[in-house]
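Counting starts at 1 for both ligands and their atoms, following the listed order. The structure presented is a predicted model; accordingly, all values stated were derived computationally and were not measured.
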Amino acid sequence: MGEALAMGLLEAGWEHADIDLAARRVERAKRVAADTSCRCVLDPAEILAGKQVVVVAVKPRDIHHLLEQIHSSVGDGQVFLSLAAGVPTTVFEKVLGEIPVVRAMPNTPAIVREGITGMAAGAHTTPDHLDLAERVLSAVGPVTRLDEHLLDAVTAVSGTGPAYAFLLAEALTEAAIREGLPRDVAEMLVHQTIKGAGHLLVDTGRSPFELRSEVTSPGGTTAAAMHILEERGFRALVEDAVRAAAQRSRELGGFAVAAEEDS
Ligand SMILES: NC(=O)c1ccc[n+]([C@@H]2O[C@H](COP(=O)([O-])OP(=O)(O)OC[C@H]3O[C@@H](n4cnc5c(N)ncnc54)[C@H](OP(=O)(O)O)[C@@H]3O)[C@@H](O)[C@H]2O)c1
């Protein structure tokens, strides 16, 4: 995710010299440096000096080790922008002190600059800090501001969301093949249908209900398909899946807080 953001910033016109990156393993650092043409170091403390924004894009379980590595190198006024799923801003504030922290949840379409990010302010974050974070994040797609307690829901909806679409794509492709379509044709039909439906939703601003009603004639083929999905509990299933993802995000945040308290 960190690399996707760096690529988005470069595409948006940032200079290579403005972006320094860090990885943990030598081979990853070499690959990231080759892919981005930015400097990529192994010690994140080395690249903090002079940076306005510090993006933290490590797995939640690696946050504490990272904060220990960098805490003595943090400069005045630096804004921390955390992408770590479920990790509360308080985890950063406890280790680093009264610093501005923005917690954000992008999603993987960021890789093709079609992401969506929900972001929230920490206790010492001003609107200017949020503007700065938004300038960075908007390199990979639109950004929406929320209260921090809603970020677990964002994680469950749009953070996890691409996986829902991919699972639908897999199921639809398999069903298409069972109906006799060759795999390559099935994949082309499904991929372009999901992309086109997404564009239709976003570009027209019309509701999914309206768009669905338009393709559902009484007694027609779509009505037959929708009837099966409704009857077999499609909506309830989606709701349960989102609830499970939000709960998992809260648990991950709880582990991060507990690990911080233990350290
Ligand atoms: N993937 C998503 O859909 C998504 C969406 C939104 C948010 N996020 C969040 O973004 C974060 C990163 O996810 P990801 O999928 O991009 O993970 P990832 O591919 O494992 O990337 C994490 C990177 O952090 C580096 N790293 C870890 N500890 C480090 C340290 N102490 N010093 C320097 N570099 C360090 C790793 O280096 P090595 O590879 O060398 O170990 C790796 O390059 C997670 O917290 C995740 O919750 C992910």
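The protein atom (non-hydrogen) at minimum distance from atom 3 (O) of ligand 1 is Thr108 CG2, 3.2 Å. Nearest to atom 39 (O) of ligand 1 among the protein's heavy atoms is Arg25 NH2, 2.7 Å. Protein heavy atom in closest approach to atom 47 (O) of ligand 1: Ala85 N, 3.0 Å. When only non-hydrogen protein atoms are considered, atom 14 (P) of ligand 1 lies nearest to Lys59 NZ, 3.8 Å. Atom 4 (C) of ligand 1 has its closest protein heavy atom at Met1 CE, 3.6 Å. If you check which protein heavy atom lies closest to atom 8 (N) of ligand 1, you get Leu83 O, 3.6 Å. Of the protein's non-hydrogen atoms, the one nearest atom 36 (C) of ligand 1 is Arg24 N, 4.3 Å. In this structure, the protein non-hydrogen atom closest to atom 18 (P) of ligand 1 is Arg28 NH2, 3.9 Å.
Ligand-side atoms of ligand 1 in range of Gln69: 30 (C), 31 (N), 32 (N), range being under 4.0 angstrom from any heavy atom. Which parts of ligand 1 touch Ala57 is read off a 4.0 Å heavy-atom cut-off, strictly below it: atoms 11 (C), 12 (C), 21 (O), 22 (C), 23 (C), 24 (O). Atoms of ligand 1 found under 4.0 Å from any heavy atom of Met105 (numbered from 1 in listed order, with element): 6 (C), 7 (C).
At under 3.5 Å, not a single nitrogen or oxygen of Pro44, backbone or side chain, sits near a nitrogen or oxygen of ligand 1. Ligand 1 has an N or O atom lying under 3.5 Å from an N or O atom of Val58, backbone or side chain.
No side-chain donor-acceptor contact under 3.5 Å links His227 to the backbone of Ala224. The backbone N or O of Ala245 sits nowhere less than 3.5 Å from a side-chain atom of Ser249 that would complete a donor-acceptor pair. With hydrogens and angles ignored, the 3.5 Å screen pairs no side-chain donor or acceptor of Thr125 with any backbone N or O of Val102.
Looking at Glu174 and Arg178, no side-chain N of the basic residue comes within less than 4.0 Å of a carboxylate O on the acidic one, giving no salt bridge. Taking the charged nitrogens against the carboxylate oxygens, Asp128 and Arg135 have no contact shorter than 4.0 Å, which rules out a salt bridge.
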Given the rule in the salt bridge (Lys or Arg N to Asp or Glu O under 4.0 Å) test, do Asp152 and Arg103 qualify, once you have shown the distances and angles that lead to the verdict?
-> CA-CA 11 Å; Asp152 296 307; Arg103 178 176 155 198; 3.6 Å; yes
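Residue Pro60 touches ligand 1 through backbone and side chain together, judged by heavy-atom distances below 4.0 Å.
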Could you list the donor-acceptor pairs under 3.5 angstrom formed by side chains in residues 41-53, with sequence neighbours left out?
from  : atom 1 : to    : atom 2 : distance (Å)
Asp43 : OD1    : Ala45 : N      : 3.0
Lys51 : NZ     : Asp20 : OD2    : 2.9
Lys51 : NZ     : Ile47 : O      : 3.2

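Residue Glu210 qualifies as enclosed at atom CD: its count of foreign heavy atoms under 6.0 Å is above 12.
A side-chain N or O of Glu148 and one of Thr89 form a donor-acceptor pair less than 3.5 Å apart.
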